[in-house]
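Read the structure below first, then the notes.
First the proteins, then the strands, lettered A, B, ... as listed; each starts at 1.
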2 protein chains.
Amino acid sequence: MKDTALVDSLLAVMEDSPAPIYQRVKGAISTKVASQEWLPHQRVPSEAELVKALGVSRMTVNRALRELTAEGVLERQQGVGTFVAPQKVHSALFEVHNIADDISARGNKHHAQVLRLDSGQATTDEAMQLGVRTGNAVFRSLLVHFENDKPVQMEERVVNAVIAPEYAEQDFTTITPYAYLNQAAPISEGEHLVEAVTPTRWEAQALGLSDAAACLQIRRRTWSGDNIVTSARLLSPGHVLQLFGHFQR
Amino acid sequence: MKDTALVDSLLAVMEDSPAPIYQRVKGAISTKVASQEWLPHQRVPSEAELVKALGVSRMTVNRALRELTAEGVLERQQGVGTFVAPQKVHSALFEVHNIADDISARGNKHHAQVLRLDSGQATTDEAMQLGVRTGNAVFRSLLVHFENDKPVQMEERVVNAVIAPEYAEQDFTTITPYAYLNQAAPISEGEHLVEAVTPTRWEAQALGLSDAAACLQIRRRTWSGDNIVTSARLLSPGHVLQLFGHFQR
DNA sequence: GTATTTAACTTGTATAGACAAGATGTTACT
DNA sequence: AGTAACATCTTGTCTATACAAGTTAAATAC
């Protein structure tokens with residue numbers, strides 16, 4: 001007969017409030033989890049039990065449990081039960097901006113200079129990056145982005161020619177490669193490798209750096225469905241990558 | 001009389017499939033959005049229209065639309081209607097690991113050396129970082145993390161003493177500050193500023209660097225509810241920050 | 001003509017009932 | 001003892017109905 005205890009402990013959290021019932025049910029349960037009164041892998045009362053304890057309909061309880069599952073608080077298995085989800089590796093939702101938007105968001109003027117734009121056959125290294133066979137058709141581009149006429153980023157890119165066959169015909173002084181590729185083949189997944197590097201003399205010169213200052217290098221690969229669209233190397237002196245995010249649990 | 005066209009175009013996507021009905025409704029709608037047949041800000045048929053067109057119950061349509069809204073595909077306004085959501089600034093779900101886990105995940109041995117651990121009053125700069133008043137009680141710590149006896153990261157940290165009053169009594173050779181703070185005051189939000197810097201001579205020495213190689217510097221502030229728990233500066237030579245993520249739309 | 005009320009339509013939530021489907025233990029049979 | 005059928009409990013989904021609440025536009029009163 002744990003029902004009375006269950007009623008007490010859950011109802012205490014749900015007491016009268018203007019919020020919708022399913023939200024109050026969610027709150028009552030996630031409070032139990034957050035307070036560690038209910039521990040990971042521990043079983044949560046079944047829908048039927050919660051219905052009896054809380055005096056609400058099953059669909060309402062179901063919605064609360066379903067949403068908490070989507071939020072990573074609970075785990076459910078049909079036929080077995082509902083359990084408190086184990087604490088996840090912290091993950092965060094960050095925002096990544098494309099450089100042109102970034103610059104205009106700061107109220108500055110952006111323009112780009114195209115240093116190279118050609119097509120060719122993928123080297124072994126490029127083929128690895130794009131997940132294609134060596135010798136497949138690729139495009140290569142090399143740009144420098146300017147903020148108010150000051151160079152701020154070098155962008156070296158290899159593009160899968162099968163996915164974006166018209167890449168070489170674009171005018172990258174009016175549209176960024178990122179923006180073009182995203183409209184040609186909408187991005188579904190991305191991978192970023194961020195590291196600090198010392199630029200080569202040539203790169204430092206192209207970026208207008210007097211000495212070999214530390215640069216932030218981002219290697220970004222983007223997928224469209226199962227295909228790798230492009231692999232880019234972004235080199236920014238003194239640039240800051242800003243990552244916000246709220247952690248899950 | 002756009003109903004017949006609506007039926008045709010949507011039913012075509014929903015044709016017999018073992019998937020649950022609400023999933024097929026979601027699929028039919030998100031296909032329209034993905035194919036850009038329905039454009040951002042454009043109106044989506046009302047629940048009543050979809051019910052008539054698809055021959056399913058309103059609750060089922062409602063669930064499909066509600067979940068697509070949660071996923072950022074649609075936007076809804078009570079009393080007005082449902083609309084295709086404007087393309088968001090690309091955001092991605094990344095995973096951030098704490099260094100000790102990271103090292104042990106690679107099968108290596110981690111240990112830390114505490115260079116400094118004391119308490120004091122917040123300087124103006126520290127107070128800014130923590131969102132408290134100048135002079136408030138804070139703890140300061142300076143650690144070097146080792147991977148197989150090789151220094152890999154310097155961690156300089158300021159902690160809000162009100163939130164974690166027992167910080168200075170911890171043994172950070174057995175638990176990382178991050179792990180301790182997270183259990184003392186669970187992280188709810190985080191902010192990361194990533195940049196490339198050239199370490200000072202002193203820092204280079206502490207990290208065992210012969211020359212002044214470029215280092216990846218991460219400034220991380222973590223919140224617990226409305227309070228800033230800590231502000232950390234992580235300095236890693238040759239370290240790579242790996243960010244995966246699937247983009248929204 | 002203007003302001004107010006009303007009607008109609010939208011999404012948001014809640015309920016009761018039903019059946020499907022997965023998991024598990026119990027019973028009955030060989 | 002081993003096996004198969006069954007009962008029972010779980011979550012998963014779908015439906016029909018109902019009312020609440022926000023928005024908009026038309027109808028009405030002045």
Side-chain angles (χ1 to χ4, degrees), chain A residues 1-3 6 10-11 14-30 33 38 41-85, chain B residues 1-3 6 10-11 14-30 33 38 41-85:
Chain A
M1 271 307 205
K2 66 193 274 187
D3 279 50
L6 188 62
L10 280 178
L11 280 185
M14 286 192 50
E15 285 304 344
D16 39 46
S17 139
I21 300 180
Y22 81 95
Q23 292 233 14
R24 278 182 278 166
V25 174
K26 283 177 69 175
I29 292 170
S30 58
V33 175
W38 291 355
H41 297 108
Q42 192 172 320
R43 178 149 192 195
V44 165
S46 73
E47 294 188 355
E49 289 174 301
L50 289 170
V51 164
K52 260 205 297 185
L54 302 177
V56 300
S57 80
R58 193 189 145 212
M59 282 304 291
T60 301
V61 168
N62 178 270
R63 178 170 176 184
L65 295 177
R66 180 154 39 81
E67 292 191 2
L68 286 173
T69 302
E71 291 166 19
V73 176
L74 301 178
E75 289 181 350
R76 316 194 76 189
Q77 195 189 346
Q78 184 172 139
V80 181
T82 306
F83 306 86
V84 176
Chain B
M1 271 304 211
K2 69 191 277 189
D3 278 48
L6 187 63
L10 280 178
L11 281 185
M14 286 193 47
E15 285 304 346
D16 41 46
S17 139
I21 300 179
Y22 81 94
Q23 292 237 15
R24 279 182 278 167
V25 175
K26 282 178 69 175
I29 292 170
S30 58
V33 175
W38 291 354
H41 297 109
Q42 192 171 318
R43 173 144 194 198
V44 165
S46 73
E47 294 187 355
E49 289 172 301
L50 289 170
V51 164
K52 261 204 299 185
L54 302 177
V56 300
S57 82
R58 192 190 147 213
M59 283 303 292
T60 301
V61 168
N62 179 269
R63 176 170 177 183
L65 295 178
R66 179 155 38 83
E67 291 192 2
L68 286 173
T69 302
E71 292 165 20
V73 176
L74 302 177
E75 288 180 351
R76 318 195 74 189
Q77 196 189 346
Q78 184 172 139
V80 182
T82 306
F83 306 86
V84 177

Which value, rounded to the nearest 0.5 Å, describes the distance between [X] atom [atom1] and [Y] atom [atom2]?
| X | Y | atom1 | atom2 | result |
| --- | --- | --- | --- | --- |
| E75(A) | L65(A) | CD | CG | 13.5 Å |
| N62(B) | R76(B) | CG | CZ | 5.5 Å |
| E71(B) | K26(B) | CD | NZ | 3.5 Å |
| L50(A) | T60(A) | CG | OG1 | 11.5 Å |

Sequence-aligned protein contact record of nucleotides 8-16 of chain C, with B where the base is within under 4.0 Å of a protein heavy atom and S where only the sugar-phosphate is: --BBBBBBB
Of all nucleotides in DNA chain D that come within under 4.0 Å of a heavy atom of chain B, which is furthest toward the 5' end and which toward the 3' end?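 It runs dT13(D) to dT23(D).
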Could you tell me whether the side chain of L68(A) reaches within less than 4.5 Å of the side chain of T82(A), counting heavy atoms only?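 No, side chains not in contact.
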Among all residues two or more places apart in sequence or in another chain, which pass the side-chain hydrogen bond (donor to acceptor under 3.5 Å, both in side chains) test with S46(A)?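 If we apply the side-chain hydrogen bond (donor to acceptor under 3.5 Å, both in side chains) test to S46(A), skipping adjacent residues, the hits are E49(A).
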Taking E47(B) first and then R66(B), would you say they form a salt bridge - that is, a charged N and a carboxylate O separated by under 4.0 Å?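 Between R66(B) and E47(B) there is no salt bridge, as every charged N stays at least 4.0 Å from the carboxylate O atoms.
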